[in-house]
Each structure stands twice: as C-alpha cells, then as structure tokens.
Participant: 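Below: one structure in structure tokens.
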Amino acid sequence: MSRYARATRSRLGPRSKVRSVAGQAFILQLLLTLVLVAAAVVAVAADAHKHSALDARRRSLAVAETFAHSPGIARAISNDKPTAQLESHAEAARKGSGVDSVVVFNTHGIRLTHPETPLIGKRIVGPAGLVRDELSGKTITETFRASQGPSVVSAVPVTKADGAFIGGVSVGVRVQSVNSAVDHRLPLLLGSGAGALALATGGTALLSGRVRRQTHGLGTAEMGRMYEHHDAVLHSVREGVLVLAEDGRLLLVNDEARGLLRLAPDAEGRHIGELGLEPHLAELLTSGRRVTDEVHPCGDRLLVVNMRSTDRAGDPAGSVVTLRDTTALRVLSGRAEEARERLKLLSDAGVRISSSLELTGTAEQLVDVAVPRFADIVTVELLEPVLRGEEPEPPYEPLAPHRTAVGGVPPEAPVFRVGERVVYASATPQSRAVQAGAAVLQADLTSTAEWPAGDGAEVRHLLDRGVHSLITVPLRFRGVTLGLASFWRTRRAEPFDEADLAIAGELAVRTAVCVDNARRYAREHAMVAALQRTLLPSGLPDQDAVEVASRYLPAQGAVGGSWFDVIPLPGARVALVVGKVPGQGVHAAATMGRLRTAVQNFSALDVSPDELISHLDELVTRLDLEHDADSQGSRITGAGCLYAIYDSVSGRCTLARAGDPGIVLTRPDGSVDIPAMPASPPLGRGGEPFEAVSLSLPAASRLVLYTNGLLQGHGRTAGPGLDLLRHTLKAEPDLGPDETCRSLFHTVLPDRPSDDVALLVARTRLLDPEDVAEWDVPFDPAAVAPARATCARTLRAWGLEDAVCTAELVISELITNALRYGTPPVRIRLLRDRDLICEVSDGSSTSPHLRRAATTDVGGRGLFLVAQFAQRWGTRYTPYGKVIWAETALDGR
C-alpha cells in the first residue's frame with residue numbers, strides 16, 4: 001500500500017460496521033412513494049380504458065346510422081356502379097369521424113366499399129352470428145376480438161322507401177384506436193406522478209443529506225475495502241495518473257506515471273516545476289486547461305496526454321492527468337496501415353484484373369494496379385502459345401516470352417518495349433522462376449554476384465538509373481506456366497522483402513486465372529470468327545442487274561448471326577438478302593450458315609419472296625422442334641430475314657420481310673423513302689401470312705438493306721439512328737454502293753453498336769430495250785419453224801452469229817415442249833446479257849421433267865438436248881403459268 005493510501009486511511013479514522021441509517025430510510029421512503037404513485041396511475045388508466053370501450057360502441061353506432069340514413073345511399077346501392085358513387089363518401093365519413101372502417105354491403109354480403117381497395121367485391125367476414133344478423137337487416141353493435149385486437153362493429157340496415165332491405169352500413173372501431181386518446185393523456189398522468197415522486201425524493205434527500213455527508217454513507221469495513229481496491233487499480237494500470245493541486249503541486253502519482261516521467265521518490269507534494277520535466281510538458285501540466293489526446297515528446301518517448309479539472313460538485317480545485325506511452329503503438333499502427341494498404345491493393349487487383357477478357361487488357365490492368373503502389377516498374381510477358389490461344393507445354397527453354405504490357409518506365413530511358421520478344425538466359429531470375437514454378441526475389445541488384453555476368457543488358461542499363469530490387473513471378477494456372485510478371489523498384493529506397501514476395505505471388509495468381517480465361521476466350525472467339533468467315537460470302541457474284549457492295553461488322557467481343565447474300569437469278573434478275581439470327585457465339589454463327597444455305601436452296605426454286613419467307617419460316621419452326629429439349633436453349637425462333645428480287649428488264653423490285661431487318665430506298669432525284677411493308681413476325685413465330693411488296697424502280701436507284709445493329713447502340717435507339725440514316729443518304733445522293741457503305745459506317749454506325757451489323761447496298765441497272773426481244777407464238781406445231789427463223793434473225797442482228805446454231809436448237813426444243821405439253825398463250829423472249837437467255841412461257845403449270853429416252857423412242861429427247869447445249873436451264877412459275885428458260889454462253893462475254 002502506498003504512503004498516500006496509508007495517510008488517507010489514518011485521516012479517515014474508524015468507522016461503524018453497520019450500514020448508513022440515512023441510506024436505509026431514504027430507500028424505504030422512496031419505495032413507498034413509488035407504490036402509491038403507481039397505484040394511482042393504474043387506477044386512473046383502468047377507469048379511462050373502461051369508458052373508452054363504451055365510447056367506441058357509441059361512436060361506431062352513430063356513424064353507421066348517420067351514413068345509412070344519408071340521402072342518396074339507398075339509390076347509390078341500387079345503382080349499376082355503387083362502388084364508384086359510394087367509395088369517396090365512405091372514405092370521407094371514415095376520416096372525418098375517426099373510425100377505422102366504413103363498409104357498405106349489399107344483401108349478398110358483398111362489400112361495396114372498404115378502406116382497403118383489394119377487399120372491395122369480396123364477402124364481409126366476422127363471427128357467423130354477427131354476419132348473419134347484418135345480412136338479416138338488424139341494427140347491431142357487437143364487441144369481438146379480431147386479428148387487430150378487440151374491435152367494436154355496428155351495423156345499420158339501408159332500406160328503400162317501401163322498407164325493403166337492400167344492404168347495410170358496417171362501421172368498425174378498434175378499441176385500441178379509442179384507447180390511444182387515453183394513452184395520449186397518460187404522459188400527463190405519469191408526469192404528475194413523477195412530480196410527486198420527485199418532491200418526496202427531494203424531501204427525503206434533504207433529511208438524509210447531512211447524515212450522509214458526515215458518515216460518507218459507508219461503514220469502516222466498506223470504506224477500507226473500497227480504498228484498497230482503488231489503490232490496487234491505481235498502481236496496476238498501464239496508464240500514468242497524476243493528481244495536481246490548483247497551485248501546481250503534485251498530490252498523487254501512480255507507479256506508471258512515475259516511470260514514464262522518471263520522477264524522484266519524493267516527488268509527491270512538490271511543485272511540477274521542481275520535478276525536472278521538459279519545459280513544454282511542465283507548462284502544459286500547470287496550465288489547468290482541458291487537454292484531449294495531445295501527443296508530446298518526453299525523452300525518447302511519445303506520450304498522449306489527457307487532462308481534466310477536478311473542480312466538480314464542490315470537489316477541491318485541481319487537475320487529473322493521464323499519460324499513455326504510444327511509442328510502440330505508433331510502430332504497430334504503421335505496420336497495420338501497411339497491411340491495410342496491401343489488402344486494398346489485392347482487393348483492387350481482384351476487381352480490375354478480372355474486368356477484361358482480352359490478354360493485353362488483362363496484363364495492362366496488372367500494370368496499372370501495381371504501379372506505383374507496389375513497384376516502380378512492372379513488366380508482364382506471355383509465352384507465344386498463349387497469344388495464339390493455346391496452352392504452353394514444358395520445357396520452357398529457351399525462355400522467350402512476348403512482352404505484353406509495361407508500366408512505370410521513365411520516359412528518358414525506354415528500356416522495356418511492348419511487343420518485342422525477350423530471350424532470357426537460363427541463369428536469369430526470370431528463367432529460374434519459370435523452371436522452379438515459384439517467385440524469385442532479388443533484394444539487391446546492385447551486387448554483381450546476384451546477377452549473371454554477360455546477361456541482363458536492360459537491367460544493367462536501369463541500374464544506372466536507380467533499379468535496386470526485383471521480384472519475378474511465373475504466371476501459373478492448373479500447373480501450366482502462361483508467362484511471368486517482373487516487379488522492379490527504383491524510386492523507393494526500401495528493397496522488396498518476404499512480405500512483398502507474398503503480395504507479388506498473390507497478384508500473379510489472380511492474373512494467371514484471368515490470363516487463362518482470356519486465352520480460352522480468345523481461342524473460342526477465333527474459332528467462332530473463323531466459322532463465321534467461312535459461312536459468310538467471301539465475295540459477291542458477277543451479275544449485271546445491280547451494282548452492289550457490302551459490309552459486315554462483328555459485335556464487340558462476340559460473334560453474331562447477321563448475314564447478307566447476293567444471288568443471281570435467271571432472266572437478268574438478282575436476289576438481295578439480309579438476315580439476322582438471335583444470340584451470339586458458335587450457335588448463332590452455325591445457325592446463320594444453315595439459314596443462308598436454306599435461302600440459297602429456296603432461291604434455286606425461283607419462287608416469289610413471300611413464298612420463300614414462308615418456306616424459311618416453316619424450316620425454322622421444324623428446326624426448333626428438333627431442339628426443343630436442348631438444355632442450352634439454342635433456339636432459332638426470332639430470326640429475321642429480308643428477301644428482295646430485282647428484275648433488270650422490267651425495273652420492278654419485289655420484296656418480303658420477316659422480323660426487323662430494314663430497307664431504305666434512294667431514288668435518282670435524291671429522295672429517300674422507306675417502303676411501306678406489312679408488319680410480319682420473326683421467323684418461327686408463325687400465325688400470320690407473309691406478304692410481298694412490289695416497287696417500280698428507275699435506273700440508278702439505291703437499295704440499302706441492313707440489320708438493326710447499324711442503328712442501335714449503347715445510348716441510342718433505332719428511331720434516331722433511322723433519322724440519321726435517311727439524312728446521310730439524302731445528303732449524298734450520287735455515291736456509289738461502296739462509297740455509300742463507307743459513308744454509312746462512318747456517320748450512322750454507333751460508337752458501341754448493340755449487335756453485329758450486316759449492310760448491303762445495291763444500285764439498280766436496267767437492261768437496254770435493244771437487248772430484249774419477245775413475241776407471241778401461235779399454238780400450232782407449224783409455228784415452230786417460223787419462230788426459230790425469227791430468233792435466228794434477231795441473233796444475227798445482235799451480232800451473235802456464233803450463237804445462232806445452238807440457240808436455234810434450244811429455242812426449237814423449248815417451243816416444241818410448250819406446244820406439246822403446255823397450254824396457250826405461248827410466248828418467247830430473248831435477253832442479251834452476260835449470256836444469251838432464252839425464255840418460253842405458256843399457260844400451264846405442269847412441271848417439265850428431264851428423262852433419258854430409249855433407243856426405240858421417237859421423242860422425249862428435247863429437254864435432254866437443252867440440258868446438254870445450255871449452261872443452265874430451269875423452270876419458274878408465274879401467276880399465269882410457267883416459264884422454261886435456258887442460258888447459253890456468249891463468246892467473249
């Protein structure tokens with residue numbers, strides 16, 4: 001026990017062992033007063049709640065009678081729409097009267113009004129007897145326990161003028177809502193009780209205060225035990241405590257403060273200025289001001305000082321001072337801050353490195369995170385197979401990775417260059433790290449012993465600029481090395497240590513996972529892109545009906561299912577196609593190829609655009625039925641296609657559409673028009689017929705076919721994109737197809753298209769009328785020879801003498817076939833285009849068949865001869881019959 005504790009005990013002297021009488025009397029009187037006040041409050045509250053239930057019954061009955069007998073209530077209940085007329089009045093009555101519900105119901109118990117709208121139209125609920133009385137037209141007031149607590153319900157019937165019961169008004173009041181008025185008065189009641197209690201307590205305190213001050217409220221044993229505990233705690237805490245008098249004398253000091261301030265044994269009772277403390281600290285302790293957590297040096301320590309006045313409630317004036325040694329705490333705090341920064345670095349790395357699915361982007365994210373927070377220079381190098389999407393295989397010798405990302409290199413010393421191939425000798429830290437599959441730490445690169453002689457020219461160049469420490473870590477995932485990351489320090493004085501090695505390893509692990517994901521994504525994307533390239537047209541076919549150009553732009557980071565096609569058709573015609581398959585990836589690309597092939601096959605049948613779209617719709621439906629149970633949901637339904645046939649002889653364009661591929665028409669005068677086409681559902685939806693639209697186009701008209709990726713993008717819908725497309729076409733009316741594609745991609749295409757883009761631009765041409773010859777043929781076998789002669793004269797007039805012989809044979813056989821198997825009228829047409837086209841039409845829809853005649857047959861060789869002498873031949877059907885056509889080559893064309 002300290003000398004101060006012994007002196008204090010001697011001054012206090014002996015104390016009685018019994019408890020303070022003043023304290024016991026005070027507690028007894030306080031309890032008695034509490035009981036009396038509580039009994040009074042309970043009695044008054046019980047009486048108020050009793051009257052509140054009676055008030056609830058009166059209020060609900062009064063409101064129900066008033067509303068039931070209001071003018072117009074009976075008429076409104078009998079009306080066709082009673083709820084519309086009654087609901088607002090019922091709510092006004094409910095809010096004005098302060099009840100919980102005003103419900104109007106009909107004779108079937110159906111609610112016509114209710115505060116909760118979803119309950120209107122439903123039957124009233126409640127005890128069976130109560131509901132029965134309400135529906136029998138009785139006036140009732142009942143109290144029952146509902147789900148919201150005790151409630152009072154009053155029901156009053158509504159009758160017509162003749163007394164017939166047509167409904168009723170039910171008013172509900174929760175007793176709790178009436179009690180709330182009483183509850184609002186409880187604070188006043190409780191306040192009065194509290195006031196009485198305060199007065200009684202104050203009187204008791206005044207009586208016992210003098211005795212308490214004289215005895216300190218405790219006996220001798222209790223006082224001694226309390227003081228011993230106080231003394232033990234005071235001298236065992238790890239915080240210095242000083243008690244100072246008003247004049248600056250030291251009254252009390254514990255052992256911790258004595259050690260922190262290096263005080264002499266006789267310091268107690270002396271003035272602070274005489275204790276040999278540092279001047280600034282002595283001045284602070286004698287200032288008497290309030291101090292909170294101020295840090296002050298004392299010798300080789302940093303002390304946190306808190307000081308408060310003891311002059312409270314009549315206590316002697318002075319100050320209490322506490323001291324804490326924060327020297328070690330500062331060191332720990334610095335380490336904690338460093339650990340926090342490293343955790344934040346790893347957290348940021350996990351978010352940013354995984355934000356890219358591109359190999360270069362992933363490496364650059366690691367560089368951005370690590371420089372300068374962890375290292376001054378960072379290089380990321382990937383093995384060559386990784387860049388091709390392949391998985392590297394050991395051994396990795398010689399180590400020659402591709403430098404993918406670099407950060408932190410001084411501009412005046414661009415040693416590390418992105419894109420170059422780096423060859424590392426076997427003794428370098430990079431090679432050793434890859435071979436060992438673990439990070440290598442070079443804490444001191446300035447020592448020549450730690451860097452192989454004859455290698456590392458770049459490093460030696462950087463040594464002159466302050467490089468002094470290195471960590472190189474292999475990027476490994478699933479046991480496969482993908483590359484390596486090197487961290488260098490130049491500007492930081494402290495070298496890398498073992499803790500930094502762990503951080504570098506963690507960064508490398510996170511980067512390796514993302515690099516492997518990016519590698520797999522790059523490989524799959526390349527495969528899908530290659531598949532798509534093989535399925536899209538590699539070039540546009542030669543034909544003279546239109547001048548055409550196309551563009552295709554893949555979606556960002558994915559491969560879509562848009563396609564286009566140009567299909568030459570017989571009769572100097574051409575088919576223009578643009579389509580879109582929903583989704584992205586391999587399935588979309590493969591489905592696009594299937595639909596494109598289907599369109600080409602359907603085009604070979606030479607059917608109308610609406611019929612071709614119908615065939616395509618049936619095909620999509622059938623394919624989706626085959627894959628209906630596909631767990632990956634690879635369906636084709638929702639694909640779109642626009643199919644147009646342009647005839648360069650007549651200048652007519654017939655087109656049909658399914659889904660949303662669009663078309664814009666630009667005429668030679670510069671006018672821009674969007675053809676009005678019937679709305680048709682996407683392919684596979686079915687339910688509606690597809691309709692074709694026919695347009696008459698002058699020469700040099702431009703047809704722009706596109707998918708919606710050209711118009712839509714992030715932040716832009718199709719409407720503004722279409723307006724921009726029309727404005728661009730109108731502003732540049734004289735551009736050719738290729739220039740038009742380039743212009744639209746430059747001005748209309750969004751910065752970030754929402755999907756891939758297919759664009760097809762065709763400028764129409766018209767076949768010269770001098771290159772077209774047609775005439776009717778009498779339905780008589782004798783007309784074959786004159787028709788053949790007329791054709792021969794026409795060919796000679798065109799300067800095609802070399803083609804006369806073959807053409808005569810083909811025309812003769814086609815006319816003979818039409819006269820023998822067809823019906824009138826028979827008509828022949830010759831077209832001089834890239835090839836000579838011979839067409840014979842008749843009014844029959846019978847399909848001709850090529851067959852091989854027997855040696856004994858007299859006929860049956862006509863179409864066989866046509867197939868032998870013509871390049872191509874075929875049949876197309878018209879609304880009035882069919883056309884059999886054949887194409888023969890022209891020399892020099």
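All values below come from the heavy atoms of this structure, side chains included, with hydrogens, waters and symmetry mates left out.
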Participant: With distance as the sole test, does Thr764 use its side chain to make a donor-acceptor pair with the main-chain N or O of Ser701 at under 3.5 Å?
Facilitator: yes
Participant: Can you tell me how far the CG atom of Leu540 sits from the CD1 atom of Ile567, to the nearest 0.5 Å?
Facilitator: 11.5 Å
Participant: Go through the structure and list residues passing salt bridge (charged side-chain N to carboxylate O under 4.0 Å, His left out) with Arg657, not counting sequence neighbours.
Facilitator: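 Expected list: none.
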Participant: Less than 4.5 Å apart, any side-chain heavy atom of Leu767 and any of Ser648?
Facilitator: yes
Participant: Which residues satisfy the side-chain contact (heavy atoms from CB on, under 4.5 Å) test with Tyr880, sequence neighbours excluded?
Facilitator: Thr878
Participant: Quick one: does Asp617's side chain have a donor or acceptor within less than 3.5 Å of a partner on Leu683's backbone?
Facilitator: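 Pair absent, no side-chain N/O of Asp617 close to backbone of Leu683.
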Participant: Under the side-chain contact (heavy atoms from CB on, under 4.5 Å) test, which residues partner Asp647, sequence neighbours left out?
Facilitator: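 With sequence neighbours excluded, Asp647 shows a side-chain contact (heavy atoms from CB on, under 4.5 Å) to Arg573, Val649, Ser650, given in chain and number order.
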Participant: To the nearest 0.5 Å, what is the distance between CG on Leu800 and CG on Leu830?
Facilitator: 10.0 Å
Participant: Check step by step if side-chain contact (heavy atoms from CB on, under 4.5 Å) holds for Glu887 and Ile837.
Facilitator: CA-CA 5 Å; Glu887 293 182 2; Ile837 304 172; 3.9 Å; yes
Participant: Can you find a heavy atom in the side chain of Thr740 that is under 4.5 Å from one in the side chain of Glu732?
Facilitator: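 A side-chain contact is absent here, since even the closest heavy-atom pair is not under 4.5 Å.
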Participant: Who are the side chain to side chain donor-acceptor pair (under 3.5 Å) partners of Ser603, not counting sequence neighbours?
Facilitator: Tyr643
Participant: Using side-chain heavy atoms (C-beta onward) and a distance below 4.5 Å, is Leu383 in contact with Arg388?
Facilitator: no
Participant: Taking all non-hydrogen atoms of both residues into account, name the closest pair between Asp842 and Thr823 and its distance.
Facilitator: CB-O, 3.3 Å
Participant: Quick one: are Ser845 and Lys882 in side-chain contact, heavy atoms under 4.5 Å?
Facilitator: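 Ser845 does not reach Lys882 side chain to side chain.
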Participant: Tell me, yes or no, whether the heavy-atom count around Arg752 atom CZ, taken from other residues, nucleotides or ligands under 6.0 Å, exceeds 12.
Facilitator: no
Participant: Could you work out, with side-chain contact (heavy atoms from CB on, under 4.5 Å) as the rule, every residue matching Pro682, not counting sequence neighbours?
Facilitator: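 Counting only residues at least two positions away or on another chain, Pro682 forms a side-chain contact (heavy atoms from CB on, under 4.5 Å) with Arg685.
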Participant: Quick one: does Arg594's side chain have a donor or acceptor within less than 3.5 Å of a partner on Leu623's backbone?
Facilitator: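 Not at all, since once roles are kept as given, no pair shorter than 3.5 Å links the two residues.
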Participant: I need the minimum non-hydrogen distance between Val577 and Trp563, along with the two atoms involved.
Facilitator: CG1-NE1, 4.1 Å
Participant: Is the closest side-chain heavy-atom distance between Val578 and Thr707 below 4.5 Å?
Facilitator: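 Yes, close enough: below the 4.5 Å cut-off.
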Participant: So do Leu655 and Cys653 actually touch side chain to side chain, heavy atoms under 4.5 Å?
Facilitator: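 With C-beta onward as the side chain, the pair touches.
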Participant: Look up atom CH2 in Trp798 and atom CG in Leu890, then write down how far apart they are to the nearest 0.5 Å.
Facilitator: 9.5 Å
Participant: With distance as the sole test, does Gln543 use its side chain to make a donor-acceptor pair with the main-chain N or O of Ala545 at under 3.5 Å?
Facilitator: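 The answer is yes, because a donor-acceptor pair under 3.5 Å joins these two groups.
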Participant: Would you confirm whether Thr806, through its side chain, and Ala803, through its main-chain N or O, come within 3.5 Å as a donor-acceptor pair?
Facilitator: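 Not at all, since once roles are kept as given, no pair shorter than 3.5 Å links the two residues.
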Participant: Kindly compute the distance separating CG (Leu387) from OG1 (Thr360), expressed to the nearest 0.5 Å.
Facilitator: 7.5 Å
Participant: Could I get the full list of salt bridge (charged side-chain N to carboxylate O under 4.0 Å, His left out) partners for Glu739, not counting sequence neighbours?
Facilitator: none
Participant: Output the distance between atom CG (Leu619) and atom OG (Ser614), rounded to the nearest 0.5 Å.
Facilitator: 12.5 Å
Participant: Please walk me through it: do Glu839 and Arg876 pass salt bridge (Lys or Arg N to Asp or Glu O under 4.0 Å)?
Facilitator: CA-CA 10 Å; Glu839 297 181 346; Arg876 71 174 181 271; 3.2 Å; yes
Participant: Could you give the distance from CG (Asp544) to CG (Asp833), rounded to the nearest 0.5 Å?
Facilitator: 4.5 Å
Participant: Give me the atom names and distance for the closest heavy-atom approach of Ser562 to Tyr552.
Facilitator: O-CE1, 3.6 Å
Participant: Output side-chain donor-acceptor pairs under 3.5 Å for residues 785-792, partner residues at least two apart or in another chain, one line each.
Facilitator:
from   : atom 1 : to     : atom 2 : distance (Å)
Arg788 : NH1    : Ser812 : OG     : 3.1
Thr790 : OG1    : Pro786 : O      : 2.9
Thr790 : OG1    : Arg793 : NH2    : 3.2

Participant: Check ring pair (Phe, Tyr, Trp, His ring centres under 6.0 Å) between Phe602 and all other residues, then give those that pass, not counting sequence neighbours.
Facilitator: His615
Participant: Under the criterion side-chain contact (heavy atoms from CB on, under 4.5 Å), I'd like the reasoning laid out for Thr404 against Thr362: C-alpha separation, chi angles, the key distance, then a yes or no.
Facilitator: CA-CA 10 Å; Thr404 308; Thr362 301; over 6 Å; no
Participant: Just jot down the side-chain contact (heavy atoms from CB on, under 4.5 Å) partners of Leu724, sequence neighbours excluded, or say none.
Facilitator: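 Leu724 satisfies side-chain contact (heavy atoms from CB on, under 4.5 Å) with Arg716, Thr728, Val748 once adjacent residues are dropped.
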Participant: Could you report the tightest heavy-atom contact between Ala658 and Ile613, atom names first, then the distance?
Facilitator: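 It is CB-CG2, 3.8 Å.
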Participant: Return the minimal non-hydrogen interatomic distance between Leu814 and Ile884, and the atom names on each side.
Facilitator: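 Shortest heavy-atom separation between Leu814 and Ile884 comes out as CD2-CG2, 3.5 Å.
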Participant: Apply salt bridge (Lys or Arg N to Asp or Glu O under 4.0 Å) to the pair Asp660 and Lys580, showing each step before the final yes or no.
Facilitator: CA-CA 9 Å; Asp660 58 5; Lys580 176 73 177 75; over 6 Å; no
Participant: Could you tell me which non-hydrogen atom of Tyr646 sits nearest to which non-hydrogen atom of Arg765, and how far apart they are?
Facilitator: OH-O, 2.6 Å
Participant: Got a sec, which residues hit salt bridge (charged side-chain N to carboxylate O under 4.0 Å, His left out) with Asp776, two or more places apart in sequence or on another chain?
Facilitator: Arg827
Participant: Name every donor-acceptor pair, under 3.5 Å, that has one atom in a side chain of residues 667-679 and the other anywhere in the protein, sequence neighbours excluded.
Facilitator:
from   : atom 1 : to     : atom 2 : distance (Å)
Asp669 : OD1    : Ser671 : N      : 3.0
Asp669 : OD1    : Ser671 : OG     : 2.8

Participant: Compare all side-chain heavy atoms of Tyr706 with those of Val664 and state whether any distance is below 4.5 angstrom.
Facilitator: yes
Participant: What's the verdict on side-chain contact (heavy atoms from CB on, under 4.5 Å) for Val704 and Leu759, showing C-alpha distance, side-chain angles and the deciding distance?
Facilitator: CA-CA 7 Å; Val704 180; Leu759 175 65; 3.8 Å; yes
Participant: Please test Val761 against Val548 for side-chain contact (heavy atoms from CB on, under 4.5 Å), starting from the C-alpha separation and ending with a verdict.
Facilitator: CA-CA 6 Å; Val761 179; Val548 66; over 6 Å; no
Participant: For Tyr877, does its backbone N or O pair with a side-chain atom of Asp606 as donor and acceptor, under 3.5 Å?
Facilitator: no
Participant: Is it the case that over 12 heavy atoms from other parts of the model lie below 6.0 angstrom from the CD atom of Glu393?
Facilitator: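 Incorrect, the count does not exceed 12.
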Participant: Got a sec, which residues hit salt bridge (charged side-chain N to carboxylate O under 4.0 Å, His left out) with Glu391, two or more places apart in sequence or on another chain?
Facilitator: Arg478, Arg519
Participant: State, with a plain yes or no, whether a side-chain heavy atom of Val599 is found less than 4.5 Å away from one of Leu616.
Facilitator: yes
